There are 2 protein chains.
Amino acid sequence: MRVMLTEDGPATARDGATAVTAPRGRPGPSMADVAALAGVSSQTVSRVSTDPEKVRPQTRERVLAAMAQLGYSPNNAARALRYGSFETIGLIAHRLARTGESRTVEAVVEAARSHGYTVSLVDVQSPSSTDVDAAVARLTHQAIDGLVIIRAETATPATLALPARLPVVVSDSRFIGHHPAVATDQTTGTRQAVEHLLALGHRTVHHLAGPEDSSPAQLRVEAWQRCLEDQGRPVPPLVRGDWSARSGYETGLALARDPSVTAVFCANDEMAAGLYRALHEQGLRVPDDVSVVGFDDIPLAEYLWPPLTTVAQDFHLIGRLLVDLLLQQVTEATDLADHRALVPVELVVRGSTAPPSDRAGR
Amino acid sequence: MRVMLTEDGPATARDGATAVTAPRGRPGPSMADVAALAGVSSQTVSRVSTDPEKVRPQTRERVLAAMAQLGYSPNNAARALRYGSFETIGLIAHRLARTGESRTVEAVVEAARSHGYTVSLVDVQSPSSTDVDAAVARLTHQAIDGLVIIRAETATPATLALPARLPVVVSDSRFIGHHPAVATDQTTGTRQAVEHLLALGHRTVHHLAGPEDSSPAQLRVEAWQRCLEDQGRPVPPLVRGDWSARSGYETGLALARDPSVTAVFCANDEMAAGLYRALHEQGLRVPDDVSVVGFDDIPLAEYLWPPLTTVAQDFHLIGRLLVDLLLQQVTEATDLADHRALVPVELVVRGSTAPPSDRAGR
DNA sequence: GGGTGCGATGTTTACGTCAACATCGGGCGG
DNA sequence: CCGCCCGATGTTGACGTAAACATCGCACCC
């Protein structure tokens, strides 16, 4: 089947009938090989790679030379087995390429590294329990010390089969109370956006919402509605997108045609960009005819035209907190069952909001 | 430290003075524990998890029940040690949250999963050899069967210390000839963009380039220049950004003030968005006054105003090819030293390009 | 000059799993 | 009715590493 580069013993030991189920990976040299070449015991080789100080420089040199000559590198399976830890955390994400997700992933990876951990990443196709379950199985079949789940929207604690004793942190509020969670302060963020628009003089604020099965989207809808009711404003009919710019554009066309729409709060920046295009196509100006507020503060938000007023999420902080909470459980065996970190947001006012003009009268 | 669930011998074996260096992770139940509870040998437990058919249903049930009761899941370090493979590939990326990167990562993760592999992700701060080296060390210190390096711009084959026998694939052309590589067809893409603008009647095309240390950016610069020369057009001075929308905006301000600029080819879409803003701020219209072409075709490109004409990269295909080439080496021990996959691109014409008007004459 | 203590190195063993081989028991053919 | 064969399960050993313990040699001190 394949060329045995380093086989020195009788070939039948590894070839022959057992070839199919035999070990796959390149069986590179082991400590024993290095030890033999350097004329020391394998334990000395081990010491060289873990604590060089404990070995006499002269011996160390010999061992290092042997390592280099053989191209030795330690077998991590064996190390992990020995140590009982992989120094690896699992990360389950959905739609990884989305802005918020990729930034959170970046932060998680970075925070993990700063603690000496690596990240094993699985991207689930759909946020259903079935898919998330499969991802969990795949990761525990791999080797992880803990698990971070980012926005597994439709999965619920009841439906998710997690291995016993596996520390978990989630960034989806649906799991709050069941697992430690990190969540953006959706309510305050939404409130700031809506109140900003009302303060500018708009009679009410339309909402271009995210999909129903998304917990953050749902929270934003509720906060938007409550905020309007608190202020005694009429609550206009809800418009739903799917987070994509396309959906913002398509649903935005209807909003653009409705002269009563003077202010729109979009559940994310991508949909706001889609709405921008719909408004532009209808010959409407932002913010003169319609004010727009987004959510997330993606890097491009500042460079849309006009620059988008939006609620900035601190994805970086989310990622860091996720890792912190997870490693707290991993290293200290702490039970954080209902711990909940709320990440603050900040309204960034740019050029897409202004007092209303009389659209209907134009 | 923690409750010893499965400890049956003297507690001092694991507690006491050795706690600091003792195995960390939850040493959950092993096959032996399950076997004891089910009243079978550990080999039978092993058979239940690897080949249930070989065990009598009655026995199987007992074992499964014991597994469930103890919350057993196989120790993958031991499995990996036994099999010689982790079914995991390492992935080194730089600036993970960038559009192209996150989409490539997504595709790699997905392709890896379809082959039954998991992805270990490391995001390097800078693309320098030092950082990439550290990432490689971190990953091989972990457990991987192969390594994918995405755009490690400034690292070069000579400076990078890769473990012997570790299969590698890169998506950076700087490594072509040293490792199998997957690269977007920068030259053709650039050519299409420039020729599209020239065909519309522009006298020449300015270029808003990516950073000097980026190999794709360099290739685009060279292709742009060669293309202009081939057509006998003047080659205007080069303008450099750093891929960010901000840099596109800042350098774009100068372009906007130069009346000889009628067409700009931007090295990516983000910088094109920044340029849009600079042009808008100067009261210039796209494409009436200045035509703009981007590169990448990010999801938002279609929803900028006007929709951006751009060169679409197939990040998904890149990811798939990376994994294919890597696993070919991993599973077949093939030497692909100078294999090189070129991923085609496609010019997507939208609303940001048009024949030139006489800017200077306005 | 004979401990004595310490630094350097070797030996043993366990980590958890699974392939290979061993064993055991029952059904079936001769 | 005996023996053979096969299916089900048990036993042994090896994967590569590193902790724990053992050993060896040497310098230093009384």
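All of these numbers come straight from a predicted model, not from anything done at the bench.
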**Request:** Might you point out which heavy atoms bring B:Arg60 and B:Pro52 nearest each other, and give the distance in Å?
**Result:** NH1-O, 2.7 Å
**Shortest side-chain distance from A:Thr50, nucleotide among D:dG16, D:dA18, C:dT17** = D:dA18
**Item:** Closest contact, heavy atoms only, B:Leu322 versus B:Val170
**Value:** CD2-O, 3.7 Å
**Prompt:** Between D:dT17, C:dG16, C:dT11, which one does the side chain of A:Pro74 approach most closely?
**Reply:** D:dT17
**Request:** Rounded off to whole Å, could you give me the CZ-to-P distance for the B:Arg62 and D:dT9 pair?
**Result:** 8 Å
**Message:** Can you measure B:Arg56 atom CZ to D:dT9 atom C1' for me and round it to whole angstrom units?
**Reply:** 9 Å
**Asked** When you check the phosphate oxygens OP1 and OP2 of C:dA19, does a side-chain N or O of B:Arg82 lie under 4.0 Å from one of them?
**Response** no
**Request:** Nearest whole angstrom, please: distance from the P of C:dA19 to the CE of B:Met31.
**Result:** 10 Å
**Item:** Side-chain donor/acceptor contact of A:Arg47 with base of C:dG10 under 3.5 Å
**Value:** yes
**Message:** Using side-chain contact (heavy atoms from CB on, under 4.5 Å), reason through A:Glu110 and B:Gln125 one step at a time and then give a plain yes or no.
**Reply:** CA-CA 9 Å; A:Glu110 193 184 313; B:Gln125 297 285 21; 3.7 Å; yes
**Message:** At less than 4.0 Å, is any side-chain N or O atom of B:Tyr72 found next to OP1 or OP2 of C:dG16? Yes or no.
**Reply:** no
**Item:** Worked verdict on A:Glu106 versus B:Arg95 for side-chain contact (heavy atoms from CB on, under 4.5 Å)
**Value:** CA-CA 8 Å; A:Glu106 187 180 57; B:Arg95 303 284 305 115; 3.1 Å; yes
**Message:** What is the separation between atom OH on B:Tyr83 and atom C1' on C:dT17, rounded to the nearest whole Å?
**Reply:** 8 Å
**Prompt:** For B:Gln58 and D:dG7, what is the distance between atoms CD and P respectively, to the nearest whole Å?
**Reply:** 18 Å
**Prompt:** Taking only side-chain nitrogens and oxygens of B:Thr59, does any of them come within less than 4.0 Å of OP1 or OP2 of D:dA8?
**Reply:** no
**Prompt:** Base, sugar-phosphate alone, or nothing: which one does A:Val45 contact when heavy atoms must sit under 4.0 Å apart?
**Reply:** nothing
**Asked** Want to settle it: does A:Ser42 or B:Pro57 sit nearer the 5' end of DNA chain D, counting the closest nucleotide to each?
**Response** B:Pro57
**Prompt:** Between A:Thr44 and C:dG10, is there a side-chain N or O to OP1/OP2 distance below 4.0 Å?
**Reply:** yes
**Request:** Quickly work out the A:Lys54 NZ to D:dA20 P distance and round it to whole Å.
**Result:** 11 Å
**Separation of D:dA19 C1' from A:Leu81 CG (nearest whole Å)** = 13 Å
**Request:** Measure from the side-chain heavy atoms of A:Gln43 and tell me the nearest of C:dG10, C:dC18, C:dC15.
**Result:** C:dG10
**Request:** Measure from CZ on A:Arg79 to P on D:dA18 and round the result to the nearest Å.
**Result:** 4 Å
**Message:** Determine whether a donor-acceptor pair (N or O, by modelled atom type, separation under 3.5 Å) exists between the side chain of A:His179 and the backbone of A:Val169.
**Reply:** no
